[in-house]
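Atoms within a ligand are numbered from 1 in the order they appear, just like the ligands themselves.
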Amino acid sequence: MKTSEIMAKLQAKYGHEPEYLQAVQEVLESIEEVYDQHPEFEKAKIVERLVEPDRMISFRVTWTDDKGEVQNNTGYRVQFNNAIGPYKGGLRFHPSVNPSILKFLGFEQIFKNSLTTLPMGGAKGGSDFNPKGKSDGEIMRFCQAFMLELYKVVGPDMDVPAGDIGVGAREVGYLNGMYKKLTHLHNGVMTGKGLPFGGSLVRPEATGFGAVYFVQHMLQQHQKGDMAGKKVAVSGFGNVAWGACTKATQLGAKVVAISGPDGVIYNPEGMTQEKLDYLLELRASNNDVVAPFAEKFPDAKFIPGKKSWSVPCDIAMPCAFQNEMSREDAEMLIKNGTWMCAEVSNMGCQPGAIAAFQEARIIFAPGKAVNAGGVSCSGLEMTQNAMHINWAAKEVDEKLHMIMSSIHEACVKYGKEPDGYINYVKGANIAGFMKVAQAMLAQGAI
Ligand code: 2IT
């Protein structure tokens with residue numbers, strides 16, 4: 001395989017989709033060497049098939065706002081690859097949503113889901129709907145209108161959506177309710193459901209908790225001790241940031257930064273239970289600002305317009321948005337003494353940031369490994385639904401621990417470089433890819 005040739009073709013065809021091209025480029029560069037050791041992959045055109053979604057559905061979503069005005073948005077589902085299991089991946093409601101962003105997310109989801117050890121293919125979906133400032137009634141009517149189209153292409157053995165940015169337990173509840181109304185089926189078509197109707201314990205915490213479990217494995221691998229006393233800078237203040245802050249704090253780490261689109265909260269004393277609870281309140285207020293945190297907790301300071309990466313820390317954990325960390329941000333972290341970055345957001349680091357970390361031999365792991373706990377717990381929710389049972393929190397958490405440990409092991413196995421540096425990007429991409437490629441090969445050229 002010549003990555004440059006494949007990228008040139010994709011560039012010509014999809015030059016207007018920068019996020020998608022960025023995600024593909026990273027994976028192809030990582031797997032090129034291994035790919036070339038398997039002429040059967042080349043012969044079956046595995047890569048050419050992998051980079052193109054199986055199908056991509058787009059639809060109009062028409063709903064009525066509280067003023068009685070008719071509103072229109074665009075909805076999408078990108079079913080990328082189902083070689084190892086039903087399509088699986090979240091829905092994002094955010095004004096930035098477009099085909100490029102959903103294709104990058106769906107593409108990454110293939111490898112992430114493969115890493116989880118569970119049988120799930122890759123997909124993503126969402127809408128350019130902006131939940132900011134919307135009432136509960138508007139959110140409900142939008143979700144119902146969205147499912148009115150989506151239900152035609154999803155099913156528990158076909159495609160199982162979940163949440164992502166802008167889609168949490170409330171939205172999943174409304175989406176699931178409408179699916180049930182339309183199909184008469186209570187079959188676990190969504191994950192991230194509420195506990196009374198088929199949800200799994202630990203699912204809300206799973207992405208952030210799983211990320212910290214992964215960090216623990218990286219610490220152990222590099223003989224850096226445990227989480228106690230480590231200074232952690234987190235970005236974002238949503239569900240994922242909350243989970244990461246909660247687990248890191250439980251394990252004795254000091255979360256010294258969180259952030260929002262309006263700026264960073266410098267939090268030198270670390271988190272308390274009260275502060276963690278307030279994060280949830282802040283998020284529920286739907287205003288997308290973090291500044292009120294510093295008004296409520298005077299030991300914390302709000303610095304407008306700055307990112308979390310301006311705060312000195314041992315471990316950086318981007319938990320907000322794709323491309324949220326630039327090379328300059330990474331260089332500032334390195335200068336301030338950061339020695340580990342666990343990317344929790346999907347593609348949170350720009351290629352230049354990853355390069356800066358790797359050149360400086362900073363321990364860096366990519367989102368598709370670090371944040372895989374979320375979709376893993378979704379996979380466990382699917383299992384419980386299929387068995388018509390509920391597992392205790394301890395059972396789910398133990399399985400989550402096992403999965404994060406096996407993802408870390410796979411990254412080390414495929415990512416160890418001759419000088420001993422563990423290239424987690426390479427490791428995650430190769431490990432995720434191999435299983436999918438073998439599954440595609442065995443099931444014929446389709
Ligand atoms: O990016 C992700 O892995 C998610 N948003 C969760 C997907 C899922 O199906 O639980």
Side-chain angles (χ1 to χ4, degrees), residues 19 23 76-82 84-94 97 101-127 150 154-169 171-173 175-176 188-194 198-211 214 236 238-244 318-322 324 343-348 366-385 396 399-400 403-404 407 428 432:
E19 293 86 2
Y76 305 90
R77 187 70 180 165
V78 184
Q79 297 177 333
F80 227 111
N81 185 290
N82 66 352
I84 65 173
Y87 300 110
K88 179 88 196 85
L91 299 172
R92 176 175 292 192
F93 293 170
H94 192 272
V97 162
I101 287 178
L102 294 182
K103 278 171 70 182
F104 115 64
L105 289 163
F107 184 71
E108 292 234 306
Q109 201 80 42
I110 304 171
F111 307 98
K112 183 199 303 191
N113 292 1
S114 167
L115 283 169
T116 66
T117 72
L118 304 174
M120 300 182 288
K124 206 84 191 188
S127 173
L150 187 72
V154 296
D157 295 311
M158 190 193 300
D159 183 354
V160 182
D164 192 80
I165 293 168
V167 179
E171 289 74 16
V172 168
L175 290 160
N176 196 70
V189 72
M190 301 281 311
T191 61
K193 296 183 292 297
S200 175
L201 286 162
V202 192
R203 178 65 190 89
E205 296 88 348
T207 310
F209 279 25
F214 196 90
N239 168 268
V240 174
W242 163 77
C319 294
F321 217 60
Q322 71 265 5
E324 59 175 298
E343 183 188 60
V344 193
S345 39
N346 289 311
M347 209 165 78
K368 59 171 82 73
V370 178
N371 75 28
V375 73
S376 299
C377 205
S378 279
L380 300 176
E381 183 173 333
M382 288 166 72
T383 306
Q384 292 169 80
N385 291 168
V396 180
K399 288 183 166 62
L400 177 60
I403 290 169
M404 296 318 294
I407 296 174

Does N371 reach ligand 1 with a nitrogen or oxygen that is under 3.5 Å from one of the ligand's nitrogen or oxygen atoms? no
With side chains defined as the heavy atoms from C-beta onward, is the minimum distance between R203 and S378 less than 4.5 Å? yes
Among all protein heavy atoms, pick the one closest to atom 9 (O) of ligand 1 and tell me residue, atom and distance. K88 NZ, 2.7 Å
Contact check, G163 vs ligand 1, heavy-atom distance below 4.0 Å: yes
Counting N and O atoms only, with roles assigned by atom type, does the side chain of T207 sit under 3.5 Å from a partner on the main chain of V240, one being a donor and the other an acceptor? no
Using a 3.5 Å distance criterion without hydrogens, assess whether the side chain of N113 forms a donor-acceptor pair with backbone atoms of G121. yes
Please answer whether the main-chain N or O of P204 pairs with a side-chain N or O of N239 as donor and acceptor at a distance below 3.5 Å. yes
Given 3.5 Å as the limit, does a donor-acceptor pair link the side chain of N371 with the main chain of V344, or not? yes
Answer yes or no for K124: is there a heavy-atom contact with ligand 1 below 4.0 Å? yes
Atom 7 (C) of ligand 1: nearest protein contact (heavy atom, Å): G90 N, 3.6 Å
Please confirm whether Q109 comes under 4.0 Å of ligand 1, counting heavy atoms of the residue only. yes
Has K124 got a side-chain atom pairing as donor or acceptor with G89's backbone, closer than 3.5 angstrom? no
Residue N346 vicinity, atoms of ligand 1 by number, heavy atom under 4.0 Å: 1 (O)
Heavy-atom pairs closer than 4.0 Å: do any link ligand 1 to the side chain of E381, the backbone, both, or neither? neither
Polar contact flag, side-chain donor to acceptor under 3.5 angstrom, D159-Q79: yes
So do L150 and L91 actually touch side chain to side chain, heavy atoms under 4.5 Å? yes
Is R203 near ligand 1, meaning one of its heavy atoms is under 4.0 Å from it? yes
Within 4.0 Å of some non-hydrogen atom of S378, the atoms of ligand 1 are 8 (C), 9 (O), 10 (O)
Top protein contact for atom 2 (C) of ligand 1, by heavy-atom distance: K112 NZ, 3.2 Å
Tell me, which protein residue and heavy-atom name are nearest atom 5 (N) of ligand 1, and how many Å apart are they? D164 OD1, 2.9 Å
Proximal ligand 1 atoms for A162, defined as those under 4.0 Å from one of its heavy atoms: 8 (C), 9 (O), 10 (O)
Output for pair (L380 CG, K399 NZ), nearest 0.5 Å, gives 7.0 Å
Under-4.0 Å heavy-atom contact with ligand 1, by part of V160 that carries it: neither
